[in-house]
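Worksheet: the structure to be examined is printed underneath.
Everything numeric here is computed off the predicted structure, so don't read it as measured data.
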Amino acid sequence: MTKTARIATTALAACAIALAGAAYFALDPATNAIFPRCPFLTLTGLKCPGCGSQRAIHCLLHADIRGAAAYNFLLVASLPAVALLLVGELVRKRRPGFYAAVNNTKLTAGVLLAVTGWWILRNIMGW
C-alpha cells in the first residue's frame, strides 16, 4: 500500500469513527430504532458477550461509567486492554519487545477464556 493510500484509508477510517461516535452520542440506542438489535438474543433469548455494548458506548460518551458497566461490564473492563493493544500497535517498529509482550498466545487465550466465562456467567446469573 502506498503512503498516499495509507493516509487516505486512515482519514476515511477516522471520519467513519467520528461519524459513528457522533451518532452514538446524539442518539440513544435503547430508544432509537435505527440501531440494530442483537440477532443472537433475538433468536435464542440468551445474551451474547456483546449484548448491551451499543447502550454502554452511549453511556461512556456521556461519561456515565456506572451506566455503561450496567449494560456491558466486559466492554468497560476491556477498555484498558484495548488501549494497551493500540499503543503496542503504534510502537510496533520502535519497541518490538513491547509489541510481542502484549500480542502473545497466552494473553489471547486468557482473553478468549474471559469472554467465554463472561458469556456463560451473564446468562446463568442474569447479568
Side-chain angles (χ1 to χ4, degrees):
M1 182 182 282
T2 67
K3 185 175 181 179
T4 305
R6 210 174 22 240
I7 291 170
T9 302
T10 303
L12 184 62
C15 288
I17 290 169
L19 184 61
Y24 275 102
F25 183 82
L27 306 171
D28 186 358
T31 59
N32 200 302
I34 68 162
F35 295 97
R37 302 293 174 230
C38 177
F40 186 81
L41 178 64
T42 303
L43 292 172
T44 66
L46 299 171
K47 293 179 181 177
C48 75
C51 274
S53 292
Q54 294 182 91
R55 291 169 288 166
I57 290 169
H58 177 76
C59 287
L60 285 172
L61 290 172
H62 288 274
D64 180 9
I65 296 171
R66 182 176 288 166
Y71 283 124
N72 190 323
F73 181 77
L74 181 66
L75 176 90
V76 176
S78 68
L79 290 177
V82 170
L84 191 65
L85 289 169
L86 287 172
V87 168
E89 189 62 39
L90 289 172
V91 300
R92 182 179 195 168
K93 292 185 180 181
R94 288 178 286 162
R95 305 243 189 248
F98 178 75
Y99 175 80
V102 298
N103 287 288
N104 65 51
T105 308
K106 289 181 182 176
L107 184 62
T108 303
V111 168
L112 289 174
L113 185 63
V115 170
T116 304
W118 166 250
W119 192 354
I120 293 168
L121 285 175
R122 79 181 311 193
N123 285 296
I124 291 172
M125 305 299 284
W127 297 334

Cluster check [X], [Y]: I/L/V/M/F/W/Y, side chain < 4.5 angstrom:
{"X": "V115", "Y": "I124", "result": "yes"}
{"X": "L112", "Y": "W118", "result": "no"}
{"X": "L60", "Y": "F25", "result": "yes"}
{"X": "V111", "Y": "I120", "result": "yes"}
{"X": "Y99", "Y": "L107", "result": "no"}

Treating [X] as the side-chain partner and [Y] as the backbone partner, does any N or O pair qualify as donor plus acceptor under 3.5 Å?
{"X": "T2", "Y": "A5", "value": "yes"}
{"X": "R122", "Y": "L74", "value": "no"}
{"X": "D28", "Y": "R55", "value": "no"}

Could you pull out the closest heavy-atom pair between [X] and [Y], with the gap in Å?
{"X": "L75", "Y": "A56", "result": "CD2-CB, 3.6 Å"}
{"X": "L90", "Y": "R94", "result": "O-NH2, 3.6 Å"}
{"X": "C59", "Y": "Y71", "result": "SG-CE1, 3.6 Å"}
{"X": "L61", "Y": "G21", "result": "CD1-O, 3.5 Å"}
{"X": "N32", "Y": "R37", "result": "O-NH2, 3.8 Å"}
{"X": "H62", "Y": "H58", "result": "CD2-O, 3.0 Å"}

Practice prompt. Look at the rings of Y24 and F35 and say which category their plane angle falls in: under 30° parallel, 30 to 60° tilted, over 60° perpendicular.
Written response: tilted

Just how far is it from atom [atom1] of [X] to atom [atom2] of [Y], taken to the nearest 0.5 Å?
{"X": "L79", "Y": "I65", "atom1": "CG", "atom2": "CD1", "answer": "9.0 Å"}
{"X": "T108", "Y": "L113", "atom1": "OG1", "atom2": "CG", "answer": "12.5 Å"}
{"X": "L43", "Y": "C48", "atom1": "CG", "atom2": "SG", "answer": "11.5 Å"}
{"X": "L19", "Y": "C15", "atom1": "CG", "atom2": "SG", "answer": "8.5 Å"}

Item to complete: Please name the residue in the list V87, L86, L84 that meets the side chain to side chain contact (heavy atoms under 4.5 Å, CB included) test with V102.
Response: L84

Item to complete: Check whether any side-chain heavy atom of P36 lies under 4.5 Å from a side-chain heavy atom of Q54, and answer yes or no.
Response: yes

